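Ligands are counted one by one from 1 in listed order, and the atoms in each one are counted from 1 as well. We count residues from 1, following the sequence as given. The shown structure was predicted, so the numbers you read here are calculated from the model rather than taken from an experiment.
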Amino acid sequence: MKESFQAIRGMNDITPPDSFRWARLERELRDWLDAYGYHEVRFPIVESTALFVRSIGTATDIVEKEMYSFVDGLNGEALTLRPEGTASCVRLALQQRLLYEGPRRLWYQGPMFRHERPQKGRYRQFHQCGIEALGFSGPDIDAELILMTARLWQRLGLSEVALQLNSIGSSAARARYRERLKSYFQRYFHDLDEDSQRRVSTNPLRILDSKNPGMAALIASAPQLAEDLDEDSRRHFDGLQDFLSAAGVRYTLNPRLVRGLDYYNATVFEWVTTRLGAQGTVCGGGRYDGLVEQLGGKPTPACGFAMGMERLLALLELVDGWNAEYPVLHAYVMNQNQVAWAVKVAEELRAAGLRTILHAGGGSFKSQFRRADASGARYAIILGDAEWEQQRIALKPLRGQGEQQSLLLEEVVTRIRMDE
Ligand code: ATP
Ligand code: MG
C-alpha cells in the first residue's frame with residue numbers, strides 16, 4: 001500500500017460544514033468593515049525576510065523562533081511566509097503610494113504562519129483579519145478602532161470578551177523603562193526561565209509578555225511604565241479614555257500589556273475572553289507611529305489591530321445560531337434518458353434563484369431518490385420518459401407530507417417559492 005499524506009502539523013484543513021461558518025464570518029466581517037468605510041488590500045503570502053525582521057524586531061518571539069524563512073533556490077533571495085499583516089500592509093501602502101492623498105483606512109485577511117507549538121487556538125497556519133488606519137495621529141482613531149471591535153462583538157452576538165488597555169509611551173519613555181525593568185529582572189535573574197534570562201539584556205519588556213505561568217508572580221511585581229510615560233503619550237491616552245467612557249465602552253487598564261511586536265508605541269489593547277482557555281486573546285493592536293518611516297516612508301502616525309479568526313470561530317461555536325450549515329437545497333433533479341432536458345431544466349431553476357443539484361452518474365430512480373434524500377433538498381424533480389413525452393415535470397416533496405404533482409416549469413418554480 002502507498003503511504004498516504006497528512007497535512008503539516010499545526011496547519012488545518014477546513015471542511016463542510018465548518019467551511020460555511022468561515023464563509024459566513026468572512027461575509028459578516030466585510031459588511032462590518034463596509035459600514036466603517038474601510039477598504040480591502042491583498043498582499044502576497046511571501047515577502048522578503050528583512051521586511052519582518054526590521055518591523056517586528058529581532059528580539060521578539062516571532063523573529064527569534066517562529067518565522068518560516070527560506071532561501072529561494074532559484075535566485076538566493078531570503079524570503080519568509082508572512083507571520084502577520086501590518087508590515088506587509090505598510091509595505092504595500094508605500095509601494096503603491098496609497099498615502100499620497102492623505103490618510104487611509106485599510107483592512108486585509110488571510111493565512112499567517114508562525115512556527116509555534118500547536119495547541120487549541122494556536123496553530124502554525126492561522127488566519128487573521130487586520131485593520132490598519134494609516135496617517136491618523138489623534139486618539140479619536142484609536143477610539144474608532146476600539147468602538148468598531150465592540151460593535152463587531154455585538155453584531156456577532158459575543159458577550160464574553162473584555163477590553164484591556166495600556167499605553168507603552170514614546171520610544172524614549174520605553175528606553176527609560178527598559179533600564180528600570182532590566183535592573184529589576186537582573187536582581188531575580190536566577191528565578192527567570194531560559195527565554196527570559198536571554199531577554200534581560202536584549203529586550204526586558206518582552207519578559208512581561210511571557211506565557212510561562214511560573215513567571216507570573218515575578219512579572220506581577222515588576223515596575224510599571226506609568227511613571228516613565230511621556231507627556232504626549234499621557235495626553236493621548238487620557239483623550240482615548242475620555243472617548244471610550246463617553247461611548248460607554250468598558251475597559252481594564254493593564255500596565256503589563258506590552259504586545260509581542262516591537263513596532264508598537266503609545267496605545268496598546270487586547271480583547272480577551274476566559275472562554276477559550278490559555279489562548280484567550282481574540283484581538284490585539286495598538287499604535288505604531290514609527291513604522292511607516294522605519295520602512296522608508298515619510299513619518300506617518302498609524303494605528304491598527306488584528307483578530308484571530310480561529311479563536312473568533314471557537315467563540316462563535318458557543319453562540320446560538322452559529323452552528324449553521326450550508327443553505328438548504330430547493331431541488332434535486334433526477335433524470336434517466338433525458339439528460340439534455342434535465343440540464344436545461346436545472347439551469348432554468350437556478351436562473352429563477354432556486355438552489356438546485358442535478359443528479360449525475362445515472363442509475364435507477366430508486367437510487368437517485370436515496371441521493372436526493374441525503375442531499376437535504378426540499379423537493380425531488382423527476383424527469384423520466386413519461387414526463388418528456390407530456391412535457392411536464394414531476395415534483396415530489398421530500399420533507400413532510402405532500403403528493404407528487406405533474407406541473408409545468410413555471411408552476412414548479414411558483415410551487416417551490418410558496419414555501420419561502
Ligand atoms: P498570543 O499572545 O496569543 O501569542 P500574539 O500577541 O502573538 O498572540 P498577534 O501577533 O497580536 O498575537 O496577533 C493577533 C491575533 O492573532 C491574536 O490575538 C490571536 O487571536 C491571533 N493569533 C496569533 N497567533 C496565533 C496562532 N499561532 N494561532 C491562532 N491564532 C493566533
Ligand atoms: Mg504569539
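- Residue Arg122 places its CZ atom among more than 12 non-hydrogen atoms of other residues, nucleotides or ligands, all under 6.0 Å distant.
- Taking atom 6 (O) of ligand 1 as the reference point, the nearest protein heavy-atom neighbour is Arg259 NH1, 3.5 Å.
- Distances below 4.0 Å separate heavy atoms of Lys211 from the following atoms of ligand 1: 1 (P), 2 (O), 4 (O).
- The single protein non-hydrogen atom nearest to atom 28 (N) of ligand 1 is Tyr123 N, 3.0 Å, given as residue, atom name and distance.
- Heavy-atom minimum distance, Asp228 versus Arg176: O-NH2, 2.8 Å.
- Around the CZ atom of Arg24, the shell of radius 6.0 Å holds more than 12 heavy atoms that belong to other residues, nucleotides or ligands.
- Inter-residue side-chain proximity for Ser167 and His236 is flagged as unmet; no heavy-atom pair is nearer than 4.5 Å.
- For atom 30 (N) of ligand 1, a protein heavy-atom neighbour is present inside the 4.0 Å cut-off.
- Taking distance alone, with nitrogen or oxygen atoms compared against 3.5 Å, Glu270 stays at or beyond that limit from ligand 1.
- The environment of CZ in Arg399 is crowded: more than 12 heavy-atom neighbours from other residues, nucleotides or ligands sit within 6.0 Å.
- Counted within 6.0 Å of NZ on Lys344, heavy atoms from surrounding residues, nucleotides or ligands total 12 or fewer; the atom is thus considered open.
- Each of the following atoms of ligand 1 lies closer than 4.0 Å to a heavy atom of Cys283: 18 (O).
- Partner Glu40 forms a salt bridge (charged side-chain N to carboxylate O under 4.0 Å, His left out) with one of Arg104, Arg105, Arg30 and no other, that one being Arg30.
- With a heavy-atom cut-off of 4.0 Å, Glu310 does not touch ligand 1 at all.
- Contact between Tyr108 and Ile131 at its shortest, heavy atoms only, is CE2-N, 4.4 Å.
- Remark: Arg235 engages Asp232 in a salt bridge, criterion side-chain N to carboxylate O under 4.0 Å.
- Counting protein heavy atoms only, atom 21 (C) of ligand 1 is closest to Gly308 CA, 3.6 Å.
- In this structure, the protein non-hydrogen atom closest to atom 27 (N) of ligand 1 is Glu116 OE2, 2.6 Å.
- Of the protein's non-hydrogen atoms, Phe126 CE1, 3.6 Å is the one closest to atom 23 (C) of ligand 1.
- A salt bridge links Lys65 and Asp195; the closest N-O separation between the charged side-chain nitrogens and carboxylate oxygens is under 4.0 Å.
- Close contacts of ligand 1 with Val282, meaning ligand atoms under 4.0 Å from a residue heavy atom, involve 18 (O), 20 (O).
- The closest heavy-atom contact to atom 10 (O) of ligand 1, among the options His115, Met112, Arg114, comes from Arg114.
- With a heavy-atom cut-off of 4.0 Å, Gln279 does not touch ligand 1 at all.
- Salt-bridge annotation for Arg199 and Glu64: present, with a side-chain N of the basic residue lying under 4.0 Å from a carboxylate O of the acidic one.
- The protein atom (non-hydrogen) at minimum distance from atom 8 (O) of ligand 1 is Arg311 NH1, 4.5 Å.
- Nearest protein heavy-atom contact of atom 14 (C) of ligand 1 is Gln128 NE2, 3.2 Å.
- Within ligand 1, the atoms closer than 4.0 Å to a non-hydrogen atom of Ala306 are 14 (C), 15 (C), numbered from 1 in the order shown.
- At the top of the distance list for atom 20 (O) of ligand 1, counting protein heavy atoms only, stands Thr281 O, 2.9 Å.
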